[in-house]
Amino acid sequence: MTAPESPAAAITLADLPLRDDLRGRSPYGAPQIDVPVRLNTNENPYPPSPGLAADLAEAVRRDAVSLNRYPDRDAVALREELAAYLGHGLGVERVWAANGSNEVLQQILQAFGGPGRSAMGFEPSYSMHPIIATGAATRWISGAREDDFGIDPDKAVAAVEEHRPDVVFLTSPNNPTGTALPLEVIARIAEAAPGMVVVDEAYFEFARTGTPSALSLLPGHPRLIVTRTMSKAFAMAGTRLGYLAADPAVIEALLLVRLPYHLSTLTQAAARIALAHRGELLGTVDRLRAERDACVAWLRGRGLAVADSDANFVLFGRFPDRRAVWEALLRHGVLIREVGPPEWLRVSIGTEDEMAAFRAAMAAVPAAGARSTRDTPAAGTSGRGDLEAIL
Ligand SMILES: *Cc1c(COP(=O)(O)O)cnc(C)c1O
């Protein structure tokens, strides 16, 4: 008797007729591990208040009875309120919104990148920029930052003139380094670039006092786009709401590629509630900035290298085996992010208690001492050995 026919053999990704330019790629993958202290994806650790939650529930109840209808396709009321929040004399015709600034960036690449076109960023920077570019069949060109993670304007202008990218990404404050760019650097690059220039200001609200926004460069730079998000300072990462400010012609271009009704009625309602409660939501920013500055000072006090930060995270190092440090912190219930240049790690700023847990875990991990510091262990008691005991 022959065995019953086996169910269709499972196929693998390699068997599918995937686009050639996507073969061998890895998806975005910040680990989502359920541990007590999650300091890995730059979320705001303070949840919305019960009062905000009640207002949101009421807005959802109000809108629920019309969910048989499509949402406002152009999200006009929300965009008006976002424009008022941004200031700088902006109106609804200069502001656009989508599901997270990642979707905003994707729409920008769909409209201004694409097959035969290129996008350029200055790395280390946000890992999603090249991933979104690739998804939009846009060739990625990697420019370089300096040792202090800033951008040298002369070198950047030379790189832009050499490669002539259709889209340039400037992240300020930069992720994962925390570095904000002076407006002069942005203006120099915007004037040299032949195509669109996107300033990703996802962390702008966390910048140190006096740091100017690229919004002030919009007049006179019609190919400049400034993107923002509610995922970080607004403590609304779960809402998925990102937005941008640009010339009205840029928004006309984006209307050509956006999916109809891309922003759900409930997303629009949640974002408007968040804006109405912005005093409460943004009220946590000062606490987070103070914790950030304390974290920078504490890490430096341990002899570590720490990048200046205008964001809600800190990049620190340098660890010959950063994976070992990351794993050891995880054993202590603290999840940070292994990202950025080799030998560096990034910690998002949490609550006072979470940051105390981070410091305690760091102090308990001998290998978390800096390379060639006073912590260098004596022969026979290697830091690595202590770490293995913890693991
Ligand atoms: C977190 C982050 C974003 C936000 O993405 P959303 O899709 O709005 O959640 C955008 N840009 C940078 C540089 C970021 O770090």
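Whatever order the structure lists ligands and atoms in, that order sets their numbers, starting from 1. Worth knowing before you read on, the calculation uses all heavy atoms, side chains too, and leaves out hydrogens, waters and symmetry mates. Because the structure is a prediction, the values reported are computed rather than measured.
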Exercise. Considering only the protein, which heavy-atom contact is closest to atom 15 (O) of ligand 1, and what is its distance?
Worked result: Y203 OH, 2.6 Å

Exercise. More than 12 foreign heavy atoms under 6.0 Å from CG of N68: is that the case here?
Worked result: yes

Exercise. Are R346 and E338 close enough for a salt bridge, meaning some N to O gap below 4.0 Å?
Worked result: no

Problem set entry | Aromatic ring pairing H262/W96, orientation class (parallel under 30°, perpendicular over 60°, tilted between) | parallel

For this session: State, without any angle test, whether D74 and Y261 hold a side-chain donor-acceptor pair at a distance under 3.5 Å.
Result: no

Problem set entry | Contacting atoms of ligand 1, where contact means under 4.0 angstrom from a heavy atom of T171 | 13 (C)

For this session: Note the single closest protein heavy atom to atom 11 (N) of ligand 1, along with its residue, its atom name and the distance in Å.
Result: D200 OD2, 2.7 Å

For this session: Examine N42 against ligand 1 and note whether any of their N/O atoms are separated by less than 3.5 Å.
Result: no

For this session: Determine whether the side chains of Y203 and N42 contain a donor N or O and an acceptor N or O closer than 3.5 Å.
Result: yes

Problem set entry | Pairwise side-chain contact, R79 with R94, heavy-atom cut-off 4.5 Å (strictly under) | no

For this session: Applying side-chain hydrogen bond (donor to acceptor under 3.5 Å, both in side chains) between D310 and each of R292, R208, R289, report the one that passes.
Result: R208

Problem set entry | Element-labelled atoms of ligand 1 that are located less than 4.0 Å from some non-hydrogen atom of K232 | 1 (C), 2 (C), 3 (C), 4 (C), 14 (C), 15 (O)

Problem set entry | Subset of ligand 1 atoms that lie under 4.0 Å from at least one heavy atom of S231 | 6 (P), 8 (O), 9 (O)

For this session: Using a 4.0 Å heavy-atom cut-off, say whether E103 meets ligand 1 through its side chain, its backbone, both or neither.
Result: neither

Exercise. Which atoms from ligand 1 have a heavy atom of A202 less than 4.0 Å away?
Worked result: 2 (C), 3 (C), 10 (C), 11 (N), 12 (C), 14 (C)

Exercise. When the aromatic ring centroids of Y85 and F234 are compared, is their separation below 6.0 Å?
Worked result: yes

Exercise. What do we get for R240 next to ligand 1 when only non-hydrogen atoms under 4.0 Å count, side chain, backbone, both or neither?
Worked result: side chain

Exercise. What part of N102, side chain, backbone, both or neither, has a heavy atom within less than 4.0 angstrom of ligand 1?
Worked result: both

Problem set entry | ligand 1 contact on S101 by region, counting heavy-atom pairs under 4.0 Å | both

